[in-house]
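Notes to accompany the following structure.
Residues: numbered from 1 along the sequence shown. Indexing begins at 1, ligand by ligand and atom by atom, following the structure's order.
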Amino acid sequence: MKRENVLTWDEYFMGLAHLSALRSKDPVAQIGACIVSKDMKVVGIGYNGLPKGCDDDTFPWGKGGDYLDTKFPYVVHAELNAILNSGTDLSGCSLYVSRFPCNECAKAIIQSGIKRVIYESDKNFYKDTGLASRKMFDAAGVTYDKLPYCVKLQVETEDNN
Ligand SMILES: O=c1[nH]c(=O)n([C@H]2C[C@H](O)[C@@H](COP(=O)(O)O)O2)cc1CO
Ligand SMILES: [Zn+2]
């Protein structure tokens, strides 16, 4: 008899976004994104991290003080990394991401041809950045749906095996 209680497609792809987020060196926010084609194939995956050649140990990870001494000007967002890592036409694809996209990522999402965003955290949703994202998504016909937090990835250790 087959197993019944398997992951849904949404849980599976958001689970992959969580797995990817575990690679992030950001001490505060680990964001993951996973792009899926219309025929349910994974075509891109990414997390928030520094651009190639920018040393994780040299660039700052803090949030306070002088802007140039914070992570903000340097980190590539998970959504943009997933788009840039894909190397294929993303027309009609869906993007799973652990946090509602900021306005800069929203622009890249729209321009790439992605038509659906599935997110978990509302953290940006009601901020100006999220409002701008929604304004652009609505105008461009990109839909966005919130998933419940049901698929937090648990890394197995000897203790919880
Ligand atoms: O949409 C996003 N996607 C994304 O990957 N990030 C990353 C960039 C930074 O590494 C980090 C910033 O988060 P915080 O300000 O909560 O520390 O999260 C941040 C946002 C915007 O909140
Ligand atoms: Zn962003």
Side-chain angles (χ1 to χ4, degrees), residues 10-36 42-153 155:
D10 280 346
E11 289 168 340
Y12 175 53
F13 295 129
M14 192 62 88
L16 291 177
H18 285 299
L19 180 66
S20 183
L22 292 179
R23 281 276 312 151
S24 179
K25 314 293 190 314
D26 189 319
V28 175
Q30 300 83 42
I31 315 289
C34 175
I35 304 174
V36 179
V42 176
V43 290
I45 191 154
Y47 57 89
N48 52 324
L50 292 172
K52 283 177 197 165
C54 301
D55 186 1
D56 288 331
D57 294 316
T58 311
F59 279 78
W61 285 108
K63 296 167 65 146
D66 204 66
Y67 178 64
L68 290 179
D69 295 329
T70 71
K71 64 185 174 181
F72 297 116
Y74 310 111
V75 174
V76 184
H77 288 189
E79 304 91 315
L80 186 59
N81 260 335
I83 290 168
L84 296 172
N85 289 342
S86 81
T88 188
D89 178 18
L90 300 179
S91 302
C93 285
S94 299
L95 178 134
Y96 289 77
V97 61
S98 46
R99 184 187 284 183
F100 189 74
C102 74
N103 61 307
E104 292 299 329
C105 288
K107 296 176 205 174
I109 289 166
I110 292 165
Q111 294 302 72
S112 74
I114 289 170
K115 282 292 173 201
R116 184 175 176 225
V117 172
I118 302 99
Y119 67 99
E120 274 182 336
S121 163
D122 269 343
K123 192 163 188 278
N124 290 334
F125 196 83
Y126 299 102
K127 290 185 184 167
D128 280 353
T129 170
L131 282 169
S133 298
R134 283 192 270 153
K135 205 167 169 178
M136 290 187 280
F137 285 156
D138 292 343
V142 175
T143 62
Y144 38 91
D145 298 296
K146 191 177 188 322
L147 266 194
Y149 289 91
C150 51
V151 283
K152 279 276 169 273
L153 199 83
V155 178

Kindly give the heavy-atom pair with the smallest separation between Ile118 and Ser94, and that separation in Å.
CD1-CB, 3.9 Å
Under a heavy-atom criterion of less than 4.0 Å, does Lys123 contact ligand 1?
yes
In terms of atom number and element, which parts of ligand 1 are under 4.0 angstrom from non-hydrogen atoms of Glu79?
1 (O), 2 (C), 3 (N), 4 (C), 5 (O)
Under 3.5 Å: donor-acceptor pair, side chain of Asn85, backbone of Gly44:
no
For residues Tyr119 and Tyr144, establish whether the separation of their ring centroids is below 6.0 Å.
no
Pairs meeting criterion salt bridge (charged side-chain N to carboxylate O under 4.0 Å, His left out) with involvement of residues 93-104, two or more places apart:
Glu104-Lys107
Is there a side-chain contact between Asp145 and Arg116, using heavy atoms and a 4.5 Å cut-off?
yes
Nearest-neighbour protein heavy atom for atom 14 (P) of ligand 1, which is reported as residue plus atom name and distance
Lys63 NZ, 3.4 Å
Specify the protein heavy atom at minimum distance from atom 2 (C) of ligand 1: its residue, its atom name, and the distance to 0.1 Å.
His77 ND1, 3.4 Å
Is any N or O atom of Asn124, backbone or side chain, closer than 3.5 Å to an N or O atom of ligand 1?
yes
Per-atom contacts of ligand 1 with Lys71, taking only distances under 4.0 Å to non-hydrogen atoms
11 (C), 12 (C), 13 (O), 14 (P), 17 (O)
Tally every protein N/O/S atom whose distance to the Zn ion (ligand 2) is less than 2.8 Å; waters are neither shown nor counted.
3
Any atom of ligand 1 sitting under 4.0 Å from a heavy atom of Tyr47?
no
Do Tyr96 and Asp10 come close enough that some side-chain heavy atom pair is under 4.5 Å?
yes
Could you tell me, atom by atom, which parts of ligand 1 come under 4.0 Å of a heavy atom of Val28?
17 (O)
Is there a donor-acceptor pair under 3.5 Å between the side chain of Ser86 and the backbone N or O of Ile83?
yes
Looking at Ile114 and Val142, what are the two nearest heavy atoms and their distance?
O-CG2, 3.4 Å
Show the atoms of ligand 1 that are less than 4.0 angstrom away from any heavy atom in Phe72.
15 (O)
Cys102 heavy atom under 4.0 Å from ligand 1
yes
With heavy-atom distances below 4.5 Å as the criterion, would you say the side chains of His77 and Ile31 are in contact?
no
Quick one: which ligand 1 atoms are inside 4.0 Å of a heavy atom on Asp26?
9 (C), 10 (O), 11 (C)
Check: of Pro27, Ala78, Ala106, min heavy-atom distance to atom 5 (O) of ligand 1 comes from Ala78
Review item, side-chain donor-acceptor pairs of residues 56-64, under 3.5 Å, at least two apart:
{"unit_1": "Asp56", "atom_1": "OD2", "unit_2": "Lys25", "atom_2": "NZ", "d": "3.3"}
{"unit_1": "Thr58", "atom_1": "OG1", "unit_2": "Asp55", "atom_2": "OD2", "d": "2.9"}
{"unit_1": "Trp61", "atom_1": "NE1", "unit_2": "Asp56", "atom_2": "O", "d": "3.0"}

Any salt bridge (charged side-chain N to carboxylate O under 4.0 Å, His left out) pairs touching residues 70-81, not counting sequence neighbours?
Asp26-Lys71
